[in-house]
Every structure is written in structure tokens, then in C-alpha cells.
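This report refers to the structure that appears directly beneath it.
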2 protein chains.
Amino acid sequence: MNTTDNSRQALMDATRGLVLTRSYGSVGIAGICERAGVRRGSLYHFFPGKEDLVIATLEALYTEFTAEVLEPALRGPGGLRERMAAFVGAIHAFQARMQAAEGRLPGCPFGSLAVETGTQSPRLREAMQGHLDAIRAQFRAALDAAVAHGELDARTDTARLADHWLALMEGILLMARAEQDADTILRLAPALQDLLLTTHPDGDAP
Amino acid sequence: MNTTDNSRQALMDATRGLVLTRSYGSVGIAGICERAGVRRGSLYHFFPGKEDLVIATLEALYTEFTAEVLEPALRGPGGLRERMAAFVGAIHAFQARMQAAEGRLPGCPFGSLAVETGTQSPRLREAMQGHLDAIRAQFRAALDAAVAHGELDARTDTARLADHWLALMEGILLMARAEQDADTILRLAPALQDLLLTTHPDGDAP
DNA sequence: CCTTGCGTTTACCGACTGGTCAACTAGACT
DNA sequence: AGTCTAGTTGACCAGTCGGTAAACGCAAGG
């Protein structure tokens, strides 16, 4: 029952709830501390500053997201189609849950923060990019498994396709956040199926 | 040589340059006015406040974007493939030009602002959504033309496909902004071709 | 008992935020 | 000349920003 990390964890929890549904710039340390039940000064005992607090929070979120959403869905039962359906379902559930809890639909925190802070906080942007790269790598692993299983053409450029997958997923989550409607994810999900499960012509047509 | 609208236009120009490459929250009226060469108080003679200034600026940007990029590309010569290539090329050129001029790659201003202000400024978000809806409608018109011309299957659900097109485009521009690299657009553009120019299965497989 | 040091508290800082306001200028109209 | 008004100006406002620092509480260890 070490109280040492209680405040630290409370700060990260508060930061997560606020920064996901609002934005980096519009969340102040005053709001974070109030929500965490911690005095302002204490924040600076655990973190050098706001930027580091947010980076640590999203680092934890990425770890959680990988372990609880990405891995289970993309390594789950069935073929690529079933795994993608599980993936979309898990994302949708998470977004809907956040919207119910916080009143706001977060979209993809890594993408949103990378965009917002891309021109202001290089450290934060690099951290987000790292997470996006890691997610893309897991997409690719799922595609490689589908190739190995014969579901996708052996000549499939899985790196390229994973790149497209991530871009489309970011677009879907951006639209969902813009519309503040979790069902947008379900509405656009078929695009993912179309992109990943149809045979692609080899380069440009003559 | 009416000086009446000089300040107003200067404010909008400055706002465009700043808000596209940074973000709504991180741009202050002080910076806008300094860049526009206008005193702070004058801003409030032309606009009720920052929010209205930004809305007006993006309204003008949308008009310009439609007239100079969207319409020429999507109604240009050739079939859907050529028009899409022109569209991608125009977007890429615009992003690269902005990056050269401002040092920052903007991505899609409407999408970025819709995401950032979605939870804070309902008016701004609704304005951005309106622009996104209008863009989507123009995508659909281009797809309808392709159907009429026999390039796409007559059974194609063009509304749905335009929806997917916009989502993917937003994702591509988000990735480009996150990476601050215009070539990301060219790298991901083939996904658009794959999404729009391959035959799609009618719904889910049995 | 007394020190050590982690965690906490609180008052405070300068910089900056968007926005207000009354005074002022200059050109157009009477 | 006198008036009117669109436009301009700079001082000013209350509030918030992220961050600092000194003092304090308190449990562990000598």
C-alpha cells in the first residue's frame, strides 16, 4: 500500500481522461490536478512538466491498447476477415465506452496528438509517431499471417498494405471524432474490408 | 483602393497561414495581429472574436480550394483514374507549397480543426463538418460521372464509396502531417486507387 | 532523540490569454 | 465649416497558463 505512486497514477489517469477527449493544448495542469485530487506542486515532484506527463500517459495507454485490444483481436481465432472484424469491434467498443464515460469520443489519441503537437512539441510528436509505427508493425504481422495461411496472395506487399491500413484507420477514427459518433466507425469499416481483402492490381495499369 | 477591407483581409491571410500549420488553440490573436500588421483592437471591429475570424478564414479557404483544386481536378480530362491522379497531384503540390512557405505541412485543415475543436467550439466544428460534407458530395459527383461513363459498375454505391474516399483522404493527410512529409501523400495515394478502382464484392461474403 | 529524505502543500511568479473601451483620425457628405 | 462614421489605436482588464520554491508532515533509520 505504498502511497508513493498513488498520486503519480492518479495524475496519469486524470490526464488520460482529459487529453483523449479534449486536446493537448486545451487541457491545463490545473484541470488535471483537480481531477486527480492532487495539488499542483505535487505534479512537478513526479514529472518534469506537462509534456512529460502526457508522454508517460500515452506510453501507458499504448501498452494497454496493445495488450488488451490489438493483440487479442489480431491474433484471435479465424482468418484475416474475422480478425479484422474483431479489431473493428474492439475499437468501436472502446470509443463508445469512452464517449459514455467522458461525454466525448476520443478518436485515435496517437494520431490526434501527433497532428496537434507536430508543430510545437517535437518530443511528443516523436513519441506518437513511435506508437503509430508500432501499431503499423502489428498490422503487418497480421497480414503476414494471412499470407502464410494462404488467405492473401503470396506476392502481397504486406508492408505497403499495413501502411494503407493504418492510414485508413486513422481516417475512420478522425471522421468518427469529427462527427462525435461511434457508429461512424461501423459505417466506414467496410472500406477496410475492401482495402485489405480484395485482390490488388500489380501497380498501374498500362 | 478602399482601405476598408485591407485589415480584414490581412487578418484572414495571417490567420490562414498560422492556423493551418499550427493549431486553433496554439494560435493567439496577438500572433495573428502582429503578422497582419494590425493592432489588436482592430480585429474586434471586423470580427466578433477569434472563433468567427477562424470560421470566416476557413470558409474562404474552402471556396478557394473548391475552385482551384477540387473542381479542376475532378472535372478535368481523362477518366476517373486520371482525375484522381490530378487530384492527388494538386493536393500534394498544395501541401508541399505550404510547407515551403510556412515551414509546416498543414494536412487537411477542415479535418484537423474538426478534430481539435470538436469538443470545445460547436460552431467551429459544425462549420468544418459542413465543408467536409461538401467535399464528400464533390467526390460523389466524380464517382457518378465515372459510373455514367461506364468506368465503374452501374451498381456501385457512389455515396458509400465517396464516404470511404473522404475517410481515406483524411487518413492520408493526417499521416502526412504527423510525419511532416509531403511525400507521404504520394506514398499512400495508391491506396486510393485500390479503394476506388477495384471491383468490390457486394456486401459480406457468405 | 534526531536526522534524513520523500511526498505534500501553498503562496507566488512572469508571461500570456481573449476581450473591452474610450479616445482619436481621416475621408465623405451636407 | 460642421457633422458623421468607418476605421484605428493603445491602455487596460480579469483570468489562466505552466512552472517555481520554500516550508511542512511524517515515517524510516541511525
Side-chain angles (χ1 to χ4, degrees), chain A residues 1-58 113 116-125 127, chain B residues 1-58 113 116-125 127:
Chain A
M1 300 307 175
N2 186 6
T3 60
T4 294
D5 291 325
N6 276 5
S7 294
R8 183 186 169 91
Q9 193 58 47
L11 284 167
M12 290 178 63
D13 289 344
T15 300
R16 177 184 301 198
L18 289 174
V19 93
L20 289 217
T21 52
R22 286 158 185 77
S23 69
Y24 181 79
S26 68
V27 171
I29 57 170
I32 293 174
C33 291
E34 186 185 356
R35 182 168 166 149
V38 169
R39 301 309 144 239
R40 303 253 305 285
S42 291
L43 188 154
Y44 294 92
H45 178 72
F46 294 102
F47 301 95
K50 177 189 177 186
E51 190 184 13
D52 307 81
L53 168 58
V54 172
I55 290 178
T57 300
L58 273 99
L113 279 178
E116 183 190 354
T117 67
T119 68
Q120 316 169 48
S121 165
R123 285 179 52 220
L124 195 36
R125 169 183 139 204
Chain B
M1 299 305 177
N2 186 5
T3 60
T4 293
D5 290 326
N6 276 3
S7 293
R8 182 186 169 91
Q9 193 57 48
L11 284 167
M12 288 178 66
D13 289 344
T15 301
R16 178 185 299 198
L18 288 173
V19 92
L20 289 216
T21 53
R22 285 156 184 79
S23 69
Y24 181 80
S26 69
V27 171
I29 57 169
I32 293 174
C33 291
E34 186 184 357
R35 183 168 166 149
V38 170
R39 300 311 143 237
R40 305 255 305 287
S42 292
L43 188 153
Y44 293 92
H45 177 72
F46 295 102
F47 302 96
K50 177 187 177 187
E51 189 185 14
D52 307 81
L53 168 57
V54 172
I55 289 178
T57 300
L58 273 99
L113 279 178
E116 182 189 355
T117 67
T119 68
Q120 315 168 49
S121 164
R123 285 179 53 220
L124 196 35
R125 168 183 139 205

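Per chain, numbering begins at 1; letters A, B, ... match sequence-line order.
Listed by first and then second residue, the salt bridge (Lys or Arg N to Asp or Glu O under 4.0 Å) pairs that reach into residues 10-20 of chain A are Arg16(A)-Glu64(A), sequence neighbours excluded.
Look at CD on Glu51(B): it is 9 Å from P on dG19(C), rounded to the nearest Å. Spacing between atom CZ of Arg8(B) and atom C1' of dA6(D) amounts to 14 Å, rounded to whole angstrom units. Rounded to whole Å, the distance from CG on Asp52(B) to C1' on dG19(C) is 13 Å. Rounding to whole angstrom units, CD of residue Gln120(A) and C1' of dG18(D) are separated by 14 Å.
Looking at every heavy atom in both residues, Val54(B) comes nearest to Thr15(B) through CG2-CG2, 4.0 Å.
To the nearest 0.5 Å, atoms OG1 (Thr57(A)) and NZ (Lys50(A)) are separated by 12.0 Å. Here Ile32(B) contributes atom CD1 and Met12(B) contributes atom CE; the two are 11.5 Å apart, rounded to the nearest 0.5 Å. Taking CZ of Arg125(A) as the reference point, atom CD of Glu116(A) lies at 14.0 Å (rounded to 0.5 Å). Distance check, rounded to the nearest 0.5 Å: NE2 of His45(A) to CZ of Arg39(A) gives 15.5 Å.
Sorted by residue number, the members of residues 34-45 of chain A with any non-hydrogen atom under 4.0 Å from DNA chain D read Arg40(A), Gly41(A), Tyr44(A). Non-hydrogen atoms lying under 4.0 Å from DNA chain C are contributed by Val27(B), Gly28(B), Ile29(B), Ala30(B), all within residues 15-30 of chain B.
With contacts defined as side-chain heavy-atom distances shorter than 4.5 Å, the pair Ile29(B)/Tyr44(B) qualifies.
In terms of phosphate contacts, Ser7(A) brings no side-chain nitrogen or oxygen within less than 4.0 Å of OP1 or OP2 of dG7(C).
Residue Phe46(A) has its side chain nearest to dG7(C) when only dT8(D), dG19(D), dG7(C) are considered.
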**Item:** Cys33(B)/Leu11(B) under side-chain contact (heavy atoms from CB on, under 4.5 Å): CA gap, chis, key distance, verdict
**Value:** CA-CA 7 Å; Cys33(B) 291; Leu11(B) 284 167; 4.2 Å; yes
